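Reading through the structure tokens given below for one structure.
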Amino acid sequence: MPDFSARLIAWQRQHGRHDLPWQNTRDPYRIWLSEIMLQQTQVSTVIPYYAKFLARFPDVAALAAAPSDDVMALWAGLGYYTRARNLHRCAQVVVERHGGAFPASVDELAELPGIGRSTAAAIASFAFGARATILDGNVKRVLARVFGVEGFPGEKKVENAMWTLAESLLPSNASNAEVSGYTQGLMDLGATLCVRGKPDCARCPFAPDCVANVTGRQRELPTARPKKAVPTRRTWMLVLRDGNAVMLERRPPSGIWGGLWSLPEAADEASLAERARAFGSDGEVSALAPFSHVFTHFKLDIEPRLAAFDRGVGALAALNDADTAWVALDDLDSFGVPAPVRKLLTSLHGSLI
DNA sequence: CAAACGTGGCT
DNA sequence: TAGCCAAGTTT
């Protein structure tokens, strides 16, 4: 399809999205921030986080200078927390090694923490008019359908073929504005017309040439991810409570909820009771309602236990240090707390006292 | 290179 | 409802 890019650019100009919060700017900082947040995350989810970050950290220098805990607290709830740590590191690298200005080339961008090939292309095309293709979920879906690309796009072989195809479709001599429109068009087509469930082929500029549309295979393309059973893990969480405050513990930097503040955990009931005693609680440990939380790759059954504590007569364990903190339930916002733990504590806040 | 890595929206 | 998956990157 020799006129793929021209058709896409024309479609985007007329029917694409033009008023998202991170559009209508060439500020690499704002574009970068949005692109990181939008990785594996829907637009509607990102919008309030993007606004919060921009208000608190108006430029890359402000973000670089912030304490890591502040960045994590602001990111809490968005998920994939490695993104937040890389975001912070990236800001510091840009300030310390690039004089506070994002590099303009795809290759240099892709060397920065948290910026891979697709995000680098997005930033380079939106901020600098570079001729580089993205390859996100939207593009994979559009390419699979329009060109009839078979196979699960998460598979390396298929993904490589799609990168090659996507590169070949780039507009050859386009202005900066056209390059931005092309990249945005790829996303918009996938996000608004060529959606997973019921694609609106009637309004699609590629309908007459689209393999999936012509053959009625919209449902089979792109090829679905192979099904895998999700294992279940189980954990006991300690709600050590002193009046309106609970004790939180810093999680290790990597692994699930890496770098967030969460409730102390144990692998079984007895171990949790022992931890409660070690912290200095001499009261009873009582069961709260169990619940489960589903991640992408496993299900977590959570057994919360409540124990009373009195810091007034408590021991050294009552003191805050780098990895433990007593937090008022009204003040959870200033700590990066995992979403389900936050929900648990918030519901407790309503029912206690 | 397959697996790890969150959460919420949608069907 | 339970399953699928979204503006992917890192290890």
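Naming: A, B, ... by sequence-line order, numbering from 1 per chain. Note that these values count all heavy atoms, side chains included, but never hydrogens, waters or copies made by symmetry. The structure displayed is predicted, hence computed values, not measured ones.
Residue-level contact check: Gly114(A) touches the backbone only, with heavy atoms under 4.0 Å from sugar-phosphate atoms and none from bases. Counting any heavy atom pair closer than 4.0 Å across all strands shown, Ala339(A) reaches sugar-phosphate atoms only and no base atom. Across all strands shown, Leu87(A) has no heavy atoms under 4.0 Å from either base or sugar-phosphate atoms. Counting any heavy atom pair closer than 4.0 Å across all strands shown, Trp22(A) reaches a base atom. Contact annotation for Gly255(A): backbone-only contact, meaning every heavy-atom pair under 4.0 Å involves sugar-phosphate atoms and none involves a base. Within 4.0 Å of Leu78(A), counting heavy atoms only, lies at least one base atom of the nucleic acid. Residue Gly154(A) is out of contact with every strand shown, counting any heavy-atom pair closer than 4.0 Å.
Remark on DNA chain B: of its neighbouring residues Arg196(A) and Phe298(A), the 5'-side contact belongs to Phe298(A), judged by nearest-heavy-atom nucleotide. Heavy-atom nearest nucleotides on DNA chain C were determined for Arg17(A) and for Arg89(A), and the one closer to the 5' end corresponds to Arg17(A).
If you measure from atom CD1 of Ile36(A) to atom P of dG6(B), you get 15 Å, rounded to the nearest angstrom. Distance Arg83(A) CZ to dT7(B) P: 10 Å, rounded to the nearest Å. Put simply, CG on Leu193(A) is 16 Å from C1' on dA7(C), counting in whole angstrom units. Rounded to a whole Å, the NZ atom of Lys299(A) is 9 Å from the P atom of dA2(C). As rounded to whole Å, 15 Å separates atom C1' of dA6(C) from atom CG of Asp188(A). The distance between atom CZ of Arg251(A) and atom C1' of dC5(B), rounded to the nearest whole Å, is 12 Å. Taking atom CZ of residue Phe152(A) and atom P of nucleotide dC5(C), one finds them 8 Å apart after rounding to whole Å. Per the geometry, CD1 belonging to Ile115(A) stands 9 Å off P belonging to dT10(C), to the nearest Å.
In terms of heavy-atom proximity, Ile47(A) sits nearest to Pro21(A) at CG1-CG, 4.1 Å. Counting all heavy atoms, side chain and backbone alike, Ala325(A) lies closest to Phe335(A) at CB-CE2, 3.8 Å. In plain terms, the two heavy atoms of Arg141(A) and Cys194(A) that are nearest each other are NE-O, 2.6 Å. In terms of heavy-atom proximity, Pro231(A) sits nearest to His297(A) at CD-O, 3.3 Å. Heavy atoms only, all atoms of each residue included: Ala76(A) and Tyr81(A) are closest at CA-CE2, 3.9 Å.
Distances shown here put a side-chain N or O of Trp257(A) below 4.0 Å from the OP1 or OP2 atom of dT7(B). Contact between the side-chain N/O atoms of His297(A) and the OP1/OP2 oxygens of dC5(B) is found at a separation under 4.0 Å. For dA4(B), neither phosphate oxygen OP1 nor OP2 lies less than 4.0 angstrom from any side-chain nitrogen or oxygen of Tyr80(A). Distances shorter than 4.0 Å separate some side-chain N or O of His293(A) from OP1 or OP2 on dT7(B). Under 4.0 angstrom from either OP1 or OP2 of dG8(B) there lies at least one side-chain N or O belonging to Lys343(A). In this structure, Thr119(A) reaches the dT9(C) phosphate: one of its side-chain N or O atoms is under 4.0 Å from OP1 or OP2.
Taking atom C1' in both dC5(B) and dC1(B), the straight-line distance is 16 Å, to the nearest Å. The separation of dA7(C) from dT11(B), taken at their P atoms, amounts to 14 Å, rounded to a whole angstrom.
There is no side-chain donor-acceptor pair under 3.5 Å between Gln42(A) and Thr45(A).
Taking a 4.0 Å limit (strictly below) on heavy-atom distances, residues 134-148 of chain A reaches DNA chain C at Asp136(A), Gly137(A), Asn138(A), Arg141(A). At a non-hydrogen distance threshold of 4.0 Å, Leu38(A), Gln39(A), Gln40(A), Gln42(A), Val43(A) from residues 38-49 of chain A come into contact with DNA chain C. Taking every heavy atom of residues 215-238 of chain A and every atom of DNA chain C, pairs under 4.0 Å involve Arg225(A), Lys227(A), by number.
Counting heavy-atom neighbours within 6.0 Å of Glu155(A) CD, excluding the residue itself, gives a total above 12. Enclosure of atom CD in Glu274(A) is not indicated, since only 12 or fewer non-hydrogen atoms of other residues, nucleotides or ligands lie within 6.0 angstrom. Residue Arg17(A) places its CZ atom among more than 12 non-hydrogen atoms of other residues, nucleotides or ligands, all under 6.0 Å distant. Residue-environment remark: CZ (Arg219(A)) stays at or below the threshold of 12 foreign heavy atoms within 6.0 Å.
Arg305(A) contributes no side-chain N or O that, together with a main-chain N or O of Glu269(A), makes up a donor-acceptor pair within less than 3.5 Å.
Ring pair Phe295(A)/Phe298(A): centre-to-centre distance below 6.0 Å.
With dT9(C), dC1(B), dA7(C) as the candidates, the nucleotide lying closest to the side chain of Lys156(A) is dC1(B).
For the pairing with Arg250(A), the side-chain hydrogen bond (donor to acceptor under 3.5 Å, both in side chains) check across Asp69(A), Thr324(A), Asp321(A) returns one residue only, Asp69(A). Just one of Gln12(A), Arg13(A), Gln23(A) meets the side-chain hydrogen bond (donor to acceptor under 3.5 Å, both in side chains) condition when paired with Gln184(A); it is Gln23(A).
Looking at Ser118(A), its side chain has no donor and acceptor atom pair within 3.5 Å of the base of dG8(C).
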